[in-house]
Amino acid sequence: MPVAGFAGVSQHPEIACTFKEWLKDKKLTALEPLFEIPISLMGYGRLDEIPAPYALTYMSIPTFWNMLVFGAGLPTRWPKRFIYGFQRFWQKVSWNLTVIKSAEIKKIERGNEVIIHFDVPEHNMNDKNTRTEVREFDYLIVAVPLTFNIVSNLFSDKLDLGKPCSLTDQEKRLFGKVVTNPYCMTTFIIKDLSLKRRLINILPVQKIGYPYVVTQQFPGNPLVSFYSRTTERDQPDRKGIIAAAEALILKWGRVVSEDDLFTHDRWTYFPHVPVLAIKEGFYDELEAMQGKNNTFYVGGLMAFELIEPILNYSENLVKVHFTGKE
C-alpha cells in the first residue's frame with residue numbers, strides 16, 4: 001500500500017478486488033464473520049462490496065487486536081470517545097487559526113490565483129445582517145465530502161445562476177464515480193434501561209433500514225442510539241427507519257412512543273469508488289489532478305473514511321506539495 005492514498009493500487013491486481021475476494025485468495029474465508037463487525041457494522045458495506053485497499057487501510061494491527069479483545073468480551077478501552085464531544089476538540093484546534101465560521105460560498109474562481117466570494121453573518125445587537133466579502137488566495141484545499149453533488153454545489157456560481165458549474169470536465173467525470181453508504185442515527189430516551197454493553201453489534205448483518213449497532217454511551221444515561229444504513233436515495237424513509245428501531249426495542253419488552261424519540265439524523269458517509277473504478281486507475285488520475293488550478297483535495301475519499309488515515313494523508317500532502325520534505 002502507498003504511504004498515503006491509493007495511487008498505484010491499480011497496478012496490483014492482488015489487492016484491486018473486494019475484501020471478500022482478498023480473504024479467499026489468502027485462504028482466510030473462515031474469518032469473514034469476524035471482519036463483519038468492524039467493516040459491515042461500522043457502515044463500510046458488505047465484505048463483497050468494499051474494495052480490499054479500503055479494508056486493509058482500516059484493519060491496522062492495533063485495530064485488529066482491539067477488535068479481537070472486544071469481541072471476546074475481555075476488558076478493553078475500546079471504543080474510545082471524546083468526553084466533551086468531537087466538536088469541542090476541533091474548536092480548541094481552531095483557537096490558534098484564522099477560521100471564518102458560517103460562511104456561505106457564493107462563487108469560486110480559479111486561475112493564477114483563487115478568488116472566493118462569500119457571505120458571513122453579522123450580529124448587531126438584535127439585528128442579524130450579512131456581510132459580503134471577496135478574498136484572494138494562493139491555493140484552494142477542498143475538504144468537503146467529495147461526492148459529485150456536494151462538490152458541484154460548492155463550485156456553482158450562486159451570483160449568476162445562469163452560469164454552469166466551474167468544475168473541469170475531469171473533475172466532473174471523476175467525482176461522478178463516487179458513491180456513499182448513507183446511514184441514520186436515531187436516538188430514544190428509554191428510562192430505566194441499562195444495556196450490558198455500551199456498544200452492541202447485531203449479527204448477522206441486517207438488511208438496509210434495520211438497526212445494526214446500538215449504543216448507550218454512559219451507564220445510567222437513558223439516551224440510546226440506533227444506527228441504520230440507508231440507500232443513496234434515502235430509502236427506507238424516516239418513518240420506516242424509526243419503525244424498525246421501535247420494533248427492536250419492543251423485542252426487549254419495552255414500548256416507546258413519539259415522545260420518547262429524541263433525534264433522527266441522516267449522514268452522507270464513506271465516499272468511495274467501486275472495485276472496477278480502482279482497477280481502471282481512478283486513484284492514479286485523481287492523485288495526478290492534485291495541484292491543477294491551484295486546487296488540492298483531502299478527506300475520506302482520498303485516504304479512507306477514518307480520522308487517522310485522513311490526517312496521515314493530509315500531512316503527507318503538505319510535505320509533498322508545500323514543504324518539499326517528503
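Numbering of residues begins at 1 and proceeds along the displayed sequence. Source: prediction; values computed, not measured.
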Rounded to the nearest 0.5 Å, how far apart are [atom1] of [X] and [atom2] of [Y]?
X: Phe82; Y: Gln87; atom1: CZ; atom2: CD; value: 12.5 Å
X: Ile50; Y: Ile39; atom1: CD1; atom2: CD1; value: 5.0 Å
X: His264; Y: Phe188; atom1: NE2; atom2: CZ; value: 9.5 Å
X: Phe270; Y: Phe304; atom1: CZ; atom2: CZ; value: 5.0 Å

May I ask you to decide if [Y]'s main-chain N or O and [X]'s side chain share a donor-acceptor pair within less than 3.5 Å?
X: Ser40; Y: Gly45; answer: yes
X: Asn221; Y: Leu223; answer: yes
X: Tyr58; Y: Pro38; answer: yes

With sequence neighbours left out, write down each residue that passes side-chain contact (heavy atoms from CB on, under 4.5 Å) with [X], or none if nothing qualifies.
X: Thr231; value: Ile208, Arg233, Gln235
X: Ala103; value: Ile100, Phe118, Val120
X: Glu14; value: His12
X: Tyr269; value: Tyr44, Tyr183, Glu305

Sequence neighbours left out, what passes salt bridge (charged side-chain N to carboxylate O under 4.0 Å, His left out) with Glu113? Give chain and number order.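 None.
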State which residues pass salt bridge (charged side-chain N to carboxylate O under 4.0 Å, His left out) with Glu308; sequence neighbours excluded, sorted by chain then number.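 With neighbours one apart ignored, the set is empty.
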Anything under 30° is parallel, anything over 60° is perpendicular, the rest tilted; go ahead and classify [X] against [Y].
X: Tyr283; Y: Tyr54; answer: perpendicular
X: Trp22; Y: Phe19; answer: parallel
X: Tyr227; Y: Tyr212; answer: tilted

Can you name the nearest heavy-atom pair linking [X] to [Y], along with the distance?
X: Pro211; Y: Leu248; answer: CB-CD2, 4.1 Å
X: Ser152; Y: Leu167; answer: CA-CD1, 3.7 Å
X: Asn294; Y: Asn112; answer: ND2-O, 3.3 Å

Which salt bridge (charged side-chain N to carboxylate O under 4.0 Å, His left out) pairs, counting each pair once, include a residue from [range], with sequence neighbours left out?
range: residues 16-41; value: Lys20-Glu32
range: residues 147-172; value: Lys107-Asp157, Arg110-Glu171
range: residues 263-279; value: Asp234-Arg266
range: residues 37-47; value: Arg46-Asp48, Arg46-Glu49

So which residues get pulled into Val134's cluster when ILVMFWY side chains under 4.5 Å apart are joined, directly or through others?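 Hydrophobic cluster check, Val134: joined to Ile115.
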Aromatic ring centroids of Phe322 and Phe296 under 6.0 Å?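 For Phe322 and Phe296, the ring centres are under 6.0 Å apart.
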Pairs in or reaching into residues 236-259: which pass side chain to side chain donor-acceptor pair (under 3.5 Å), with residues at least two apart or in two chains?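 Applying side chain to side chain donor-acceptor pair (under 3.5 Å) to every pair that reaches into residues 236-259, excluding sequence neighbours, yields Ser257-Asp260.
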Do [X] and [Y] touch side chain to side chain, with heavy atoms closer than 4.5 Å?
X: Leu174; Y: Leu146; value: no
X: Tyr210; Y: Ile202; value: no
X: Glu109; Y: His117; value: yes

Within 6.0 Å of [atom1] in [X], more than 12 heavy atoms from elsewhere:
X: Phe262; atom1: CZ; value: no
X: Leu159; atom1: CG; value: yes
X: Tyr139; atom1: OH; value: no

Checking Glu232 against Thr180: is there a side-chain donor and acceptor pair closer than 3.5 Å?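 The criterion, which ignores hydrogens and geometry beyond distance, is satisfied for Glu232 and Thr180.
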